[in-house]
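Heads up: the structure comes next, in structure tokens.
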Amino acid sequence: MNEAILQVDHLSMKFGGLVAIGDLSFTARRGEITALIGPNGAGKTTVFNCITGFYKPSEGMITLNRNDGSSYLLERLPNHEIPARAKVARTFQNIRLFSGMTLLENLLVAQHNKLMKASGYTILGLFGFSSYRKASAESVELAKHWLEKADLVDRADDPAGDLPYGAQRRLEIARAMCTGPELLCLDEPAAGLNPKESAALNELLIDIKSTTGTSILLIEHDMSVVMQISDHVVVLEYGRKISDGSPQSVRTDPRVIAAYLGVDDEEVEAVLTEVGDEDVIEQLDTGPDAAHGPGTSSSYLAGPVTDTVGHSSGERVTVAKGASKAGQVDARSLAAVNKAASPAATPVPAAKAKPAPKAASKAATGTAAKSTAPAKPAAKAPAATAGGISNRLAAPRGGKADNLTRIKGIGTVNEKKLNHHGIFHFDQIGAWKKADVEAAEAYLAFDGRIAREEWVKQAKLLAQGKKTEFSRRVDAGKVATSHASGKSTTAAKPVAGKRGGGK
């Protein structure tokens, strides 16, 4: 159930000179609920439109893998074949029901193709052939089934327009499920719902995942919905991915907090204090110059893509490359890393022991080596830096670093951070003790992720020349890496055009 049902690779969508989506890659796993979140204008609906055929992407590849083993490149399929052949269904931000039809009729419309085929495109239906009567009865039963699931069966004969807003949302989802999708794409299904309606929606979506095996990809701003039901979260800002992982890891990511709340918001500091990343708090104390962000008249999709964006009216909006708040967090973190790894890259010494009491000092005159009072244990190095990692190196052995991205959980960004702090080889990570893991997790702003993803165990195997399932995927070129060849375990020049490579 953990295999990918949807693989998005290096997706870009450009509207003239405006880049709405830039080099986006992520995976939605089969049988899971994947949430796509981000501030308004981050490009989430544009991603949906590319997946469901409303837009044809400027670059990139979108692969849908069905249960029967067949695969489809969605960007190459005509838009009407995406639901028919690839089995992808979607809903929209604005409700699009047939308000004058009954609830039952709305769900029968979703089965139009099946009914038309059974009717011989009208002829068999007109004469009441048994094959059509059977298909019609099956369609009505399926519609009733989903009305029951959506808790709407008692209103099956009411016009859809008479339903409360929350019930209309559930009816839209029930209609989409009548098409028999393997991937259900929901665009802000909880928008405008009260807490009771949101709870009913959560129950329906979890039931769909549990009983039908249908994978769900949703866009949502209601974090209570996202955190309660999602297995995997992808965060966008200005059309770029800034975070990707479990709901817990994403909600504590400083880049996500900055992108949502703004770098000067007091709530950012409150959350970061809870996470324990004091370095990032200091870095966020000074916000960007307001004059450098996208102007109020510019598109919400404007971001750190080009220096200027032209509009049809002739207006040109200057967009600073530092407009991305998540980018500011990364830039400041990198600056702090470079400062910490200054020329004299010496290990951070433990805090000095407290001096002995005065009485002991007097008694020690002339015999200091023997009678000095025992010092208290040395304090641990600050957890928020990588100084607590015991086996750092000044440079990679032999001038070549191992490809740390072959360890599942270490992407190209974390590899750079580890390299900056003297971690270059698998055997270094494989030798980490509990204190080293805690220091690395504090520095990388992780919360138990190193142990959860078994970095040390993976590193030990790779250091012995063995392979893991994930390293095989990297070696086969199925996972983006900063190294020129996934088959090599040593550093090489980045692959041009690949995510994480030099550009």
Side-chain angles (χ1 to χ4, degrees), residues 1-4 7 9 25-32 65 231-232 243-246 248-249 337 347 383 386-495 498-501:
M1 294 296 286
N2 288 328
E3 64 181 9
Q7 181 73 43
D9 295 301
S25 298
F26 72 90
T27 298
R29 292 185 288 271
R30 189 179 305 281
E32 292 189 352
N65 302 307
D231 301 295
H232 178 211
S243 189
D244 184 352
S246 67
Q248 181 59 33
S249 65
V337 166
I389 300 176
S390 62
N391 59 350
R392 293 181 297 160
L393 299 174
R397 294 190 291 266
K400 292 183 178 180
D402 291 340
N403 182 358
L404 299 184
T405 61
R406 296 179 74 220
I407 295 177
K408 185 177 181 181
I410 300 182
T412 53
V413 173
N414 290 328
E415 182 187 44
K416 289 179 182 178
K417 290 182 177 181
L418 291 171
N419 288 168
H420 274 299
H421 282 276
I423 305 300
F424 303 100
H425 302 288
F426 297 131
D427 58 357
Q428 287 180 274
I429 298 176
W432 280 357
K433 304 300 182 185
K434 183 178 179 181
D436 298 315
V437 171
E438 290 176 352
E441 285 185 338
Y443 167 61
L444 296 174
F446 289 167
D447 183 16
R449 178 172 165 186
I450 292 177
R452 187 166 60 250
E453 294 180 342
E454 299 182 321
W455 287 17
V456 175
K457 181 179 178 181
Q458 294 181 66
K460 286 180 179 177
L461 292 172
L462 294 171
Q464 296 170 9
K466 299 178 181 178
K467 293 187 177 183
T468 65
E469 182 180 350
F470 183 78
S471 70
R472 290 190 181 94
R473 293 180 61 203
V474 175
D475 296 344
K478 295 181 179 179
V479 178
T481 176
S482 59
H483 296 251
S485 172
K487 296 179 181 179
S488 172
T489 59
T490 56
K493 292 182 179 180
V495 179
K498 293 288 186 181
R499 180 167 63 86

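Just so it is clear, the values below take in all heavy atoms, side chains as well, and ignore hydrogens, waters and symmetry mates.
Remark: the Gln7 side chain and the Thr27 side chain contain an N/O donor-acceptor pair separated by less than 3.5 Å. Side-chain contact check for Asp436 and Ser390: at least one donor-acceptor pair (N or O, by modelled atom type) lies under 3.5 Å.
The CG atom of Leu461 sits 11.0 Å away from atom CZ of Phe426, with the distance rounded to the nearest 0.5 Å.
Remark: side-chain polar atoms of Gln458 are paired, donor with acceptor, to backbone N or O of Glu453 under 3.5 angstrom. In this structure a side-chain-to-backbone donor-acceptor pair under 3.5 Å is present from Asn65 to Ala4. With Asp231 contributing its side chain and Glu32 its backbone, the two residues share no donor-acceptor pair below 3.5 Å. Proximity of a side-chain donor or acceptor of Trp455 to a complementary backbone N or O of Lys408 within less than 3.5 Å is detected. With Asn414 contributing its side chain and Leu418 its backbone, the two residues share no donor-acceptor pair below 3.5 Å. Although no hydrogens or angles enter the test, the distance criterion places no donor-acceptor pair under 3.5 Å between the side chain of Glu441 and the main chain of Glu438. Within the 3.5 Å criterion, the main-chain N or O of Thr405 finds a donor-acceptor partner in the side chain of Asn403. Remark: the backbone N or O of Ser25 is not paired with any side-chain donor or acceptor of Asp9 at under 3.5 angstrom. Looking only at distances, a side-chain donor or acceptor of Gln428 sits under 3.5 Å from a matching main-chain atom of Phe424. At distances below 3.5 Å, not a single donor-acceptor pair connects side-chain atoms of Asp427 with backbone N or O atoms of Ala463.
In this structure, Arg397 places its CZ atom where more than 12 heavy-atom neighbours from other residues, nucleotides or ligands lie under 6.0 Å away.
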From CA spacing to verdict: side chain to side chain contact (heavy atoms under 4.5 Å, CB included), Ile429, Leu404
CA-CA 9 Å; Ile429 298 176; Leu404 299 184; 4.2 Å; yes
Before you tell me yes or no, could you show the steps for Phe470 and Leu462 under side chain to side chain contact (heavy atoms under 4.5 Å, CB included), namely the whole-Å CA-CA distance, both residues' side-chain angles and the distance that decides it to 0.1 Å?
CA-CA 11 Å; Phe470 183 78; Leu462 294 171; over 6 Å; no
